[in-house]
Amino acid sequence: MTAPAKRSLLVTSALPYANGAPHLGHMLEYVLTDIWVRFQRMRGHDCLFIWASDAHGTPIMLKARQEGITPEQLIERVGAEQRRDFGEFDISYDNFHTTHSDENREVTYEIYRRLVAGGHIRRETIVQAYDQQARMFLPDRYVRGTCPRCGAIDQYGDSCEVCGATYTPADLLNAVSVVSGTAPVQKESEHLFFKLGDFEPMLRAWTGGDRLQSAVTAKLGEWFGAGLRDWDISRDEPYFGFEIPGETGKFFYVWLDAPIGYLSSLLQYCRRTGRDFEQYWKPDSDAEVYHFIGKDIVYFHTLFWPAVLAGAGYRPPTSVFAHGFLTVNGLKMSKSRGTLISARNWLDHLPAEYLRYYFASRLGDGVDDLDLNLDEFVAKVNSDIVGKLVNIASRCAGFIARGAAGKLASTLADASLQQEFAAAGERVAALYEGRDLAGAMREIMALTDRANLYIDQQKPWLMAKDPARAAEVQAVCTQGINLFRVLAVYLKPVMPKLAAGAEKFLGLPPQAWADAAMPLLGTAINAYEPLATRVDPAAVKALLAASSESLKPSGVPQAAATTGAAVAAKAAAKPAQDAVKAAAKPAEPAAAPAQLSIDDFMKVDLRVARIDSAERVEGADKLLRLGVDLGELGKRQIFAGIREAYEPAQLVGRLTVVVANLAPRKMRFGLSEGMVLAAGPGGQEIFVLAPDAGATPGMKVK
RNA sequence: GGUGAGGUAGCUCAGACGGUUAGAGCGAGGGAUUCAUAACCCCUAGGUCGGGAGUUCGAUUCUCCCCCUCACCA
């Protein structure tokens with residue numbers, strides 16, 4: 001095997017925003033980055049993991065104000081939480097700085113100076129929402145009001161979450177500042193713009209070929225097609241950030257100085273350690289620079305960021321690796337929905353290392369979202385790590401300790417099997433290198449199965465009954481332990497603690513990748529202590545309980561589905577407050593819904609409703625928008641997939657039955673706040689249920 | 001709406017530059033075993049590889065259309 005040439009790598013994760021403690025969505029990225037970094041180091045490369053806390057911007061300024069502390073106090077507190085949680089997740093970063101630092105100011109000013117000198121900055125007066133009471137310009141997200149297109153209330157100033165319309169805060173009806181609660185006015189201000197268009201040829205060249213993931217490349221094609229717009233990099237005071245030199249009352253937009261944190265954190269690290277900063281960022285650098293990011297910030301990292309670097313005379317990144325988002329039990333992580341699990345909460349209940357393994361077993365090179373299914377998590381860790389991997393050491397250790405005085409044999413029982421395991425090393429390494437961690441884990445687990453099978457076939461426990469065969473027992477178990485040793489090395493980037501435990505057990509120094517190729521013979525090993533213990537499902541339960549009052553189910557997939565069978569299946573599959581179990585169970589076939597208790601049934605709040613209005617929905621050929629009156633429960637809007645079966649006029653004034661406590665479902669056309677009951681296969685054959693005469697809106701159906 | 005990624009065994013997913021009986025892990029069922037943390041080993045999945053059409057000697061793998069899911073839209 002030829003030793004790969006020593007590479008010099010600089011790796012970053014996206015900078016976590018300093019307005020709150022990390023959650024599992026953050027950890028997905030940091031674990032992915034860390035596994036890759038640890039792998040590179042084990043391969044003998046020089047690999048730095050550098051990042052920082054993203055500390056500027058309006059949200060931090062306002063949050064600090066709300067808590068009655070200074071922004072500096074806030075970011076210091078959050079920064080400490082971040083460091084603590086990252087450390088306990090075994091994120092092996094070399095430096096974690098903050099963007100609110102002298103180094104970052106220094107680098108940001110220098111970059112800005114060069115951009116100005118290069119003619120890449122222009123001025124333009126724009127009109128923006130302004131809060132007269134708070135005396136500040138308002139970011140779009142800080143203005144809320146009624147969507148001008150669909151009429152949904154309480155929408156952000158840039159787009160409507162209900163109908164998807166995009167607009168400016170000035171278009172909102174009844175606009176209100178989130179800061180003061182007063183109506184904002186429109187006010188002019190001069191802003192500085194970074195001329196992104198100057199860099200189009202450079203960006204097209206840089207993003208071309210297969211430098212980036214295919215999904216990202218495709219997206220970039222779309223953006224190029226739409227044309228690159230200049231980028232507003234200034235904000236007016238009050239703002240928490242860096243003042244722009246030569247201007248009064250103007251600050252750099254947080255997104256300009258945030259990625260510069262990649263440089264400034266490295267700068268701080270280099271000054272502390274005596275390393276050469278320029279080596280990484282000079283235009284002709286031999287070093288490789290990689291940014292791991294979430295797919296939501298691809299635009300910043302593949303367009304703005306390389307362009308800013310180029311404009312300031314630095315080299316662009318070698319590549320940018322985007323990943324998808326994390327869902328938990330099929331639900332988006334959301335604070336408001338109570339589905340957010342903090343890193344701290346996880347650490348309080350479960351080992352970080354098990355989550356690292358689960359993430360690795362599910363992560364590929366794509367930008368698809370990843371679901372943390374906790375039932376699967378428990379099964380996977382217990383089976384793969386405890387039942388199979390650690391079991392190899394556990395089942396061999398006793399024989400070595402008892403029958404061989406704790407000493408390994410001096411030759412291998414099956415050298416070709418060892419060779420097979422060693423040869424797999426390059427295959428596994430290639431998968432790690434390409435960030436196909438799931439592929440690497442599959443490969444490792446296949447080897448693990450192979451090792452257990454070997455021991456099973458040799459049956460050392462039978463040999464051990466015959467004292468004359470003691471040497472054979474020792475040889476077989478030495479073989480088993482050597483196979484385990486190889487596996488522990490291959491898994492080390494993912495499970496560093498487990499690997500450290502294995503090293504201690506085997507009496508070895510910290511292992512590098514290449515060490516796996518050389519068998520361990522004739523040495524003494526230490527007494528075996530359990531290297532991993534099973535996950536107790538109760539710990540998962542406690543985790544979820546602590547995370548929130550409940551993991552509430554989100555809306556049903558399609559409010560348009562109105563057949564009776566679908567209603568029954570959904571009611572059975574979604575007992576409120578029990579989404580965890582529901583999500584893990586396979587859906588019952590519609591033809592034979594599971595039995596449910598009367599209590600379950602009573603969870604479905606069925607109500608008589610009067611259809612006050614019905615209209616076709618522009619752009620949806622199956623939906624009708626119904627306005628229904630639920631009596632004491634008030635009036636609701638419901639979208640029903642019955643357009644092919646009913647003319648709107650036929651429905652107005654009719655009574656029907658509605659599921660009143662169905663979680664509201666956001667549809668492209670508006671919010672659907674319930675479900676109308678109907679029977680039939682669909683299309684024109686849909687029959688809306690109706691109560692007999694005498695029923696009134698709001699009556700409970702039971 | 002635009003764009004992208006997908007729809008393969010109960011679940012999570014591999015895979016096939018088109019070609020004899022479509023795979024793995026988990027789960028489930030059966031068996032074996034007892035060294036090991038009720039672990040491990042063996043056997044069992046009869047799935048129209050989303051639907052339809054086309055190209056072809058032959059498609060689940062290519063093309064087109066449709067349906068559905070998910071994500072992104074500075």
Side-chain angles (χ1 to χ4, degrees), chain A residues 140 158-159 163-166 196 213-223 225-232 255 294-304 322 324-325 327 330 332 358 361-362 364 366-371 373 375-403 436 438-439 441-443 445-446 448-465 473 476-477 480 528-535 557-558 560-561 583-589 618-620 622 668-669:
Chain A
D140 292 352
D158 52 353
S159 65
C163 76
T166 56
L196 184 61
Q213 292 145 297
S214 56
V216 171
T217 304
K219 193 69 197 170
L220 280 160
E222 196 183 319
W223 284 327
L228 301 182
R229 273 190 252 156
D230 291 347
W231 182 33
D232 184 354
W255 259 110
K295 63 185 178 182
D296 54 329
I297 54 176
V298 164
Y299 196 97
F300 286 99
H301 281 81
T302 58
L303 295 176
F304 288 144
F325 292 144
T327 57
K332 271 189 190 175
Y358 182 82
S361 75
R362 300 288 306 268
V367 296
D368 298 329
D369 286 355
L370 186 159
D371 185 43
N373 180 305
D375 287 341
E376 189 195 322
F377 163 80
V378 172
K380 194 160 192 61
V381 167
N382 287 348
S383 167
D384 289 0
I385 301 304
V386 183
K388 291 178 177 180
L389 180 75
V390 164
N391 184 50
I392 301 169
S394 173
R395 68 195 306 199
C396 291
F399 292 112
I400 296 291
R402 291 190 300 271
D436 183 359
M441 295 308 105
R442 267 198 302 278
E443 196 74 43
M445 289 324 300
T448 304
D449 285 343
R450 183 79 189 78
N452 272 310
L453 177 56
Y454 167 79
I455 296 164
D456 204 70
Q457 286 168 338
Q458 297 300 315
K459 305 195 193 317
W461 54 92
L462 293 186
M463 300 176 190
K465 291 180 176 164
V473 174
V476 166
C477 291
Y528 178 80
E529 291 167 31
L531 291 167
T533 53
R534 308 180 82 77
V535 178
Q558 264 299 351
K585 278 184 188 156
E588 295 293 334
E618 189 83 16
K622 290 181 183 168
R668 197 155 57 76
F669 318 97

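Below, chain A is the first sequence line, B the second, and so on; all start at residue 1.
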**Item:** Among B:G2, B:A5, B:C42, the one nearest A:Asp368 by side-chain distance
**Value:** B:A5
**Rounded distance in Å between the P positions of B:A16 and B:C73** = 32 Å
**Asked** Counting only Watson-Crick or G-U wobble pairs whose two distances fall under 3.5 Å, which nucleotide matches B:U61?
**Response** none
**Prompt:** When the nearest nucleotide of RNA chain B is assigned to A:Gly227 and to A:Ala218 on a heavy-atom basis, which residue is associated with the more 5' position?
**Reply:** A:Ala218
**Item:** Pairwise C1' distance, B:U69 and B:G51 [rounded to whole Å]
**Value:** 15 Å
**Footprint string (nucleotides 24-38 of chain B, 5' to 3'): B base within contact, S backbone only, - free, heavy atoms under 4.0 Å** = -SS-------SBBB-
**Request:** Looking at every strand, decide which applies to A:Lys295 at a 4.0 Å heavy-atom threshold: base, sugar-phosphate, or nothing.
**Result:** sugar-phosphate
**Request:** Once you apply the 3.5 Å cut-off to both distances, tell me the Watson-Crick or G-U wobble partner of B:G25, or none.
**Result:** B:C11
**Item:** Whole-Å P distance, B:G25 and B:C67
**Value:** 38 Å
**Asked** When you compare B:G4 with B:G18, how far apart are their P atoms, in angstrom units rounded to a whole number?
**Response** 23 Å
**Message:** Taking the six-membered ring for Trp, are A:Phe304 and A:Trp255 closer than 6.0 Å centroid to centroid?
**Reply:** no
**Message:** Between A:Asp369 and A:Trp223, which residue's closest nucleotide on RNA chain B lies nearer the 5′ terminus?
**Reply:** A:Asp369
**Complete:** Checking N1-N3 plus N6-O4 or O6-N4 for Watson-Crick, or N1-O2 and O6-N3 for wobble, each under 3.5 Å, the partner of B:U69 is B:A5
**Message:** Taking B:G23 as the reference, what is the distance to B:G15 when you measure between their C1' atoms (whole Å, please)?
**Reply:** 7 Å
**Prompt:** C1' atom, B:U48 versus B:U60: distance in rounded Å?
**Reply:** 10 Å
**Message:** Measuring only the C1' atom in each nucleotide, how far is B:C17 from B:U56? A whole number of Å is fine.
**Reply:** 16 Å
**Request:** For B:U56, give its Watson-Crick or G-U wobble partner with both distances under 3.5 Å, or none.
**Result:** none
**Message:** Check this for me: does any side-chain nitrogen of one of A:Asp371 and A:Arg362 sit under 4.0 Å from a carboxylate oxygen of the other?
**Reply:** no
